[in-house]
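Following: one structure in structure tokens, then a few remarks.
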Amino acid sequence: MQTIDKKSTKKTWAKAISQPATEFPPTQLPIIAGKIPDGLRGTLYRNGAARLERGGVSVGHWFDGDGAILAVHFSDAGATGVYRYVQTAGYQEETAAGKLLYGNYGMTAPGPIWNQWRKPVKHAANTSVLALPDQLLALWEGDHPYALNLETLETKGLNNLGGLAKGQPYSAHPKIDYKTGEIFNFGMTPGPNAILLMYKSDFTGKILKQAKFTLEGFPIIHDFVLAGQYLVFLAPAVRLNIWPVLLGMSTYSDSLTWQPEKGTQIIVIDRETLSVVSRGETEPWFQWHFGNGYVDDSGTVIIDFAKYADFQTNEYLREVATGETQTVAKTTLTRVQINPQTGKVSGIETLLNRTCEFPSVPAKNVGKFSRYSYMSIFREGLDLKGEILNSITGFDHQTGTLTEANLEENCYPCEPIHAQDIQSSDQGWVLTVVYDGNTDSSEVWIFDSQHLNEEPVCKLGLPNVIPHSFHGTWKTGE
């Protein structure tokens, strides 16, 4: 009889999500090293799945965890941090019951079979944030955003942004035109053929214009691109079989299948009218996130993104919630060139042949050429198996060079966020929240955006561990 080695192969990152996160009130953050830059004034916000179990029962997928927001306010008096769960209706209900009650992306509702129709999906409010002038929105794929107080993170409730019908989804990756203040976003309503809803809002978040487009089947579209005068959607070769989900027999995650024969569908939209300019198709791949898009001098749309060969990433992300991963989901930083008038692809190029995710550019460059992209990445020379992203990097599109942070072993930074210096237009900072598995603690690290490979200019201590988060944003101070 074969004996099984019971020794755990869990890496130290697993400790950050092994317990539900603990909130903390507004707290002055101690400086551990360096100095807060004089021109760094504003707030870093981050959102992520902070509670992955309740009553001893675990959620089914990392995407199912309850959302909690970290805010770090930088002022002349120093840095203040606050961390709070988004008080969604489902979160409050489950807190009162002391157990999980709802289904979600990777789980069906516990208990009697009828719960799977009564409580099919809980609004997790866990994916990203949008900082408006008077409120912070906690974003999730499947419903309205939740509005929170910008300073205290007190939950105000669901917000229809002056135009969303009941239950109408407002997705987690809005794009903001820095010059006009316009906000573009989308939502997907489920069905045998999903409906892609598109929104144009003013700088306050109020929806000014909506349009809809019927897709073929139900692909996963998690993100999109603002590129000059266009909004570009790439629907990857993944399709949802909606019927088992609607009947309560299966989860969304388990009902998604990789169908390479479908190719990647391209939909180019005019940003002013929200009407279709062109449609096209290209080779199959999967992507969660785009770095940026722009229109070059020839009128070609250029899009950079983290490209997966298939949909293994979904299983990997399910495993993350268990604290132990077996699946390896590799990416490349890839550039695609599209003729916006025809939807035809004229080129696909690998910019960086290393597994990376969460690519982004400075806010002022969204939708136009940006010399620099920032992203999370795996440190070189390490076995990817069992690991999560463990470094951050800047990519210089002008020289094709990579500048990578030097992190100690067992240190796990989250998605890097660029913050513009308020005193100098030439100066920027890159902020990340680092979980240190050596000390089981979390810190805020601030890098000079041009010198990511040097020591952080400042490290701030946080009162409690912040579980690995998904997305964040920077709101510049007045």
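The figures here come from the full heavy-atom set of this structure, side chains too, leaving out hydrogens, waters and symmetry mates.
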Residue pair [X] / [Y]: nearest heavy atoms and the distance that separates them:
X: P145; Y: L139; value: CB-CD2, 3.6 Å
X: A172; Y: S128; value: O-CB, 3.2 Å
X: I242; Y: G191; value: CG2-C, 4.1 Å
X: N464; Y: T22; value: ND2-O, 3.1 Å
X: Y372; Y: P362; value: O-CD, 3.7 Å
X: T264; Y: P284; value: OG1-CA, 3.6 Å

Donor-acceptor pair between [X] and [Y] side chains, under 3.5 angstrom:
X: N185; Y: S201; value: no
X: T322; Y: E324; value: no
X: Q135; Y: N159; value: yes
X: T332; Y: T334; value: yes
X: H418; Y: N365; value: no
X: R46; Y: S469; value: yes
X: E141; Y: S171; value: yes
X: Q210; Y: Q168; value: yes

Measure centre to centre between the rings of [X] and [Y], then say whether the value is under 6.0 Å.
X: F305; Y: W285; result: yes
X: F395; Y: H397; result: yes
X: F286; Y: W288; result: yes

May I ask you to say whether [X] pairs ionically with [Y], meaning some side-chain N is under 4.0 Å from a carboxylate O?
X: K200; Y: E272; value: yes
X: E154; Y: K156; value: yes
X: K262; Y: E216; value: no

Does [X] use its side chain to pair, donor to acceptor, with the backbone of [Y] at less than 3.5 Å?
X: N193; Y: T214; value: no
X: T355; Y: T331; value: yes
X: N126; Y: F63; value: yes
X: Q19; Y: R51; value: no
X: D436; Y: D440; value: no
X: S278; Y: G343; value: yes
X: T432; Y: V434; value: no
X: R354; Y: F378; value: yes

Is [X] atom [atom1] crowded by more than 12 heavy atoms from other residues, nucleotides or ligands, each under 6.0 Å away?
X: D202; atom1: CG; answer: yes
X: K15; atom1: NZ; answer: yes
X: E349; atom1: CD; answer: yes

Does some side-chain heavy atom of [Y] sit less than 4.5 Å from a side-chain heavy atom of [X]?
X: T473; Y: I417; value: no
X: L234; Y: Q265; value: no
X: I338; Y: T300; value: no
X: L52; Y: D64; value: no
X: V277; Y: I269; value: no
X: N104; Y: T251; value: no

For this session: Under the ring pair (Phe, Tyr, Trp, His ring centres under 6.0 Å) rule, collect the residues that match up with F186, sequence neighbours excluded.
Result: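 With sequence neighbours excluded, F186 shows a ring pair (Phe, Tyr, Trp, His ring centres under 6.0 Å) to F224, F233, given in chain and number order.
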For this session: Please identify each residue that fulfils ring pair (Phe, Tyr, Trp, His ring centres under 6.0 Å) with F358, with sequence neighbours left out.
Result: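 Here the qualifying residues are H289, H471.
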Exercise. Between atom CD of E319 and atom CD1 of I388, what is the distance when rounded to the nearest 0.5 Å?
Worked result: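 Nearest 0.5 Å value for the CD-CD1 distance: 13.0 Å.
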Problem set entry | Chi angles and distances behind the salt bridge (Lys or Arg N to Asp or Glu O under 4.0 Å) call for K175, E182 | CA-CA 8 Å; K175 300 291 183 272; E182 291 169 303; over 6 Å; no
Name the atoms and distances for all side-chain donor-acceptor pairs under 3.5 Å in residues 92-100, with sequence neighbours left out.
from : atom 1 : to   : atom 2 : distance (Å)
E93  : OE1    : Y102 : OH     : 2.6
E93  : OE2    : K119 : NZ     : 2.6
E94  : OE1    : K122 : NZ     : 2.6
E94  : OE2    : L101 : N      : 2.8
E94  : OE2    : Y102 : N      : 3.2
T95  : OG1    : R54  : NH2    : 3.2
T95  : OG1    : Y91  : O      : 2.7

Problem set entry | Residue from V129, V82, T155 passing side-chain contact (heavy atoms from CB on, under 4.5 Å) with I69 |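 Of the listed residues V129, V82, T155, the side-chain contact (heavy atoms from CB on, under 4.5 Å) partner of I69 is V129.
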Problem set entry | Y105 and Y252 aromatic ring geometry - parallel, tilted or perpendicular at 30°/60° bounds |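 Rings of Y252 and Y105: parallel, under 30°.
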